[in-house]
Amino acid sequence: MLSHFRHLAAALSLFAMTGCCTTSGKQVIGNPEVPYPLPSAPKVGDIVHLPTGTLVTPEQMKRIATDARVVYVGETHDNPASHRLELDMLKALEGRYPGKVALGMEMFTKSQQPVLDRWSAGELDEKTFVKDSHWFDTWKMDFDYYRDLLLYAKEKRIPVIGLNAEKSLVQAVQSKPLEDLSAAEKAQLPELDLSDPYQRAQTESIFAGHSHGKMAAEGFLRAQTLWDDTMAETAARFLESPQGQDRHLLVVAGGNHVSYGFGIPRRVFRRVPSSYVTIGGHEVVVTRQVQPETMDVELPGFPMAAFDFLVHTAYEELPKNDVLLGVAFDPAPDKRGLLVKEVIPESNAARAGIKEADLLLTLDGQALAEAFDLIYAVKQKHVGDRGTLKLERNGEQMTVEVEFKQSKPYQHSEQKNAPPQKAP
């Protein structure tokens with residue numbers, strides 16, 4: 001869903017003045033996106049109120065932003081700095097309006113709402129929540145990016161609202177014209193506004209110079225509109241519902257759903273006119289080991305500021321524990337455990353004496369009925385931790401102790417068992 005090229009490709013010129021232009025014969029002075037550019041390049045930690053070009057403190061931004069009914073934070077999905085900003089804003093809202101706050105998230109769909117409700121009510125532990133919400137099927141990002149935000153929502157009993165459209169509907173809308181959708185698919189559609197000129201200009205810029213063609217661009221425009229209008233409709237319905245009518249809402253979504261306001265914010269306001277503030281991030285330095293991939297995209301100029309507040313951050317890397325078990329496996333046909341298909345040489349599993357054809361039954365007393373159970377359990381381990389693994393070999397059960405040392409980056413078949421994060 002186009003998360004971060006917005007900053008890496010376009011924001012490099014964010015503070016540059018443009019030449020004068022004319023609109024209906026009238027001279028336009030300066031750059032409408034940055035009417036008051038900063039006198040010098042921003043640094044990590046600087047927060048700019050873009051409409052006025054004023055540097056503000058985090059406390060000032062929070063005080064102003066929490067005046068609004070809805071606060072939007074446009075994130076870079078894989079930047080931990082974005083998620084700290086989201087957590088800070090959620091804490092600010094909860095501190096000012098205790099018990100009267102909700103969290104709307106692009107990362108969840110409406111069908112996941114029952115699980116989200118149980119999480120917010122404190123009924124689920126983290127493992128059950130990740131498993132029952134089908135996190136890795138729906139979002140395919142490391143849960144660690146969002147853990148602190150979701151744990152705080154659970155601690156404070158803040159309702160978490162799944163805003164997004166179902167994946168199957170997005171695929172259908174992107175692949176064929178709306179009139180060709182089935183009756184069941186059409187029934188799931190929100191009111192769609194495909195006429196926004198700024199969203200169309202953005203989409204055409206993304207596809208310009210690429211070989212995808214006009215049909216692909218139109219399909220992506222439909223999908224982008226579906227995402228934005230579904231999230232807007234879900235947020236608006238919550239704000240007007242008995243549960244949400246007296247709450248302030250924090251919406252977290254990818255930057256392109258929030259920037260310039262023509263994505264989610266305008267579409268929510270059209271449905272439920274309410275005060276809102278938009279906050280975005282701009283990565284001014286890259287501190288991750290692997291340089292990010294960028295898209296060669298030249299976005300059009302827009303006649304408005306990208307956000308109310310722009311927070312300058314580093315493009316950080318998510319800390320990793322670099323711990324793997326070192327096995328490839330398949331679930332046993334009788335679901336009694338996980339059948340080892342391969343043991344990686346010099347791995348933690350090899351050092352513990354695990355062998356091919358072993359049936360892994362439990363780790364630290366937790367049953368290993370499916371791949372997720374082992375993947376999640378190993379992910380909780382850190383270098384130097386130990387684990388007790390119960391297994392069955394040639395019909396006899398035995399227990400082995402595993403010491404989790406730092407793992408090498410394996411390129412073996414065990415990866416097929418994993419969600420997008422590291423496999424055990």
Side-chain angles (χ1 to χ4, degrees), residues 1-16 33-34 37-38 41-62 64-66 68 70-93 103-107 139 141-142 144-149 152 202 231 250-265 276-288 291-295 297 299 302 304-319:
M1 295 185 193
L2 294 178
S3 58
H4 43 259
F5 77 83
R6 167 176 53 87
H7 302 309
L8 299 176
L12 296 176
S13 61
L14 189 59
F15 293 96
E33 296 187 34
V34 190
L38 294 177
K43 61 183 182 300
V44 172
D46 282 348
I47 303 175
V48 185
H49 182 247
L50 287 181
T52 66
T54 304
L55 286 169
V56 300
T57 66
E59 291 71 25
Q60 289 171 328
M61 179 183 70
K62 292 172 188 176
I64 296 167
T66 56
V70 187
V71 178
Y72 299 92
V73 179
E75 69 172 40
T76 298
H77 297 318
D78 63 349
N79 188 356
S82 284
H83 304 295
R84 287 198 303 273
L85 173 61
E86 293 165 349
L87 179 57
D88 286 346
M89 293 311 304
L90 186 61
K91 288 180 175 179
L93 282 166
L103 172 62
M105 299 185 69
E106 173 194 2
M107 301 77 210
W139 192 239
M141 294 285 293
D142 197 318
D144 286 355
Y145 286 114
Y146 299 89
R147 173 182 282 113
D148 290 344
L149 182 68
Y152 182 79
Q202 181 189 70
M231 289 189 277
L250 176 69
V251 172
V252 299
N256 283 330
H257 296 296
V258 176
S259 60
Y260 300 100
F262 56 75
I264 305 172
Y276 69 87
V277 167
T278 62
I279 302 173
H282 173 205
E283 290 90 3
V284 293
V285 296
V286 177
T287 59
R288 40 203 303 152
Q291 290 293 307
E293 294 183 5
T294 60
M295 295 177 65
V297 174
L299 292 178
F302 294 111
M304 59 285 215
F307 301 98
D308 294 308
F309 293 97
L310 190 64
V311 181
H312 295 85
T313 69
Y315 191 19
E316 303 171 4
E317 197 162 39
L318 186 68

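Along the sequence shown, residues are numbered consecutively beginning with 1. For the numbers below, each heavy atom of this structure counts, side chains included, while hydrogens, waters and symmetry mates do not.
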Sub-4.5 Å side-chain heavy-atom contact between Val71 and Val251: no
Heavy-atom closest contact (Met107 atom, Ala253 atom, distance): CE-CA, 4.4 Å
Work out which heavy atom in Tyr276 is nearest to a heavy atom in Pro265; give both atom names and the distance. CE1-CB, 3.7 Å
Under 3.5 Å, is there a donor-acceptor pair between the Tyr146 and Glu86 side chains? no
Please lay out, stage by stage, how Lys62 and Asp88 fare under the test side-chain contact (heavy atoms from CB on, under 4.5 Å). CA-CA 9 Å; Lys62 292 172 188 176; Asp88 286 346; 4.1 Å; yes
Geometric class of the Phe262/Phe302 ring pair [parallel <30°, tilted 30-60°, perpendicular >60°]: tilted
Minimal heavy-atom distance between Gly254 and Glu106, with the atoms involved, is N-OE1, 2.7 Å
Test item: Asn79 and His77 side chains (from C-beta on) under 4.5 Å apart, heavy atoms: no
Should Leu38 and Val48 count as side-chain neighbours, where that means a heavy-atom distance under 4.5 Å? yes
Is the closest side-chain heavy-atom distance between Phe309 and Val277 below 4.5 Å? yes
Find the distance between OG (Ser259) and CG (Leu299) and round it off to the nearest 0.5 Å. 8.5 Å
Any side-chain heavy-atom pair of Asn256 and Gln202 under 4.5 Å: yes
Might you work through the side chain to side chain donor-acceptor pair (under 3.5 Å) test for Tyr260 and Glu33, ending with a clear yes or no? CA-CA 9 Å; Tyr260 300 100; Glu33 296 187 34; 2.7 Å; yes
Between Tyr315 and Asp78, is there a side-chain heavy-atom distance shorter than 4.5 Å? yes
Distance col, row Met89:CE vs Leu149:CG, nearest 0.5 angstrom, shows 12.0 Å
Residues Ala306 and Leu50: closest non-hydrogen pair is N-CD1, 4.1 Å
Heavy atoms of Thr287 and Ala314 approach each other most closely as CG2-CB, 3.9 Å
Ion pair present between Lys91 and Asp148, side-chain N to carboxylate O less than 4.0 angstrom? no
Apply the test side-chain contact (heavy atoms from CB on, under 4.5 Å) to residues Leu85 and Leu87: give CA-CA distance (whole Å), side-chain angles for both, the deciding distance (0.1 Å), then the verdict. CA-CA 5 Å; Leu85 173 61; Leu87 179 57; over 6 Å; no
Rounded to the nearest 0.5 Å, what separates atom CG in Asp46 from atom OG1 in Thr57? 12.0 Å
For a quick check under 3.5 Å, do Glu283 and Thr76 share a side-chain donor-acceptor pair by atom type? yes
Just checking, is any N or O donor in the side chain of Glu75 or Tyr145 under 3.5 Å from an acceptor N or O on the other one? no
Name of the residue among Arg288, His83, Arg84 meeting side chain to side chain donor-acceptor pair (under 3.5 Å) with Glu316: Arg84
Met61 and Ile47 have their tightest heavy-atom pair at SD-CG2, 3.7 Å
Under the side-chain contact (heavy atoms from CB on, under 4.5 Å) rule, what do Leu103 and Leu90 come out as? Steps first, then yes or no, please. CA-CA 8 Å; Leu103 172 62; Leu90 186 61; 4.2 Å; yes
Tell me, do Ile279 and Asp308 make a side-chain contact under 4.5 Å, heavy atoms counted? no
Reported CD1-to-CE distance for the pair Ile264 and Met231, which is rounded to 0.5 angstrom: 4.0 Å
Val285 side chain near Lys43 side chain, heavy-atom distance below 4.5 Å: no
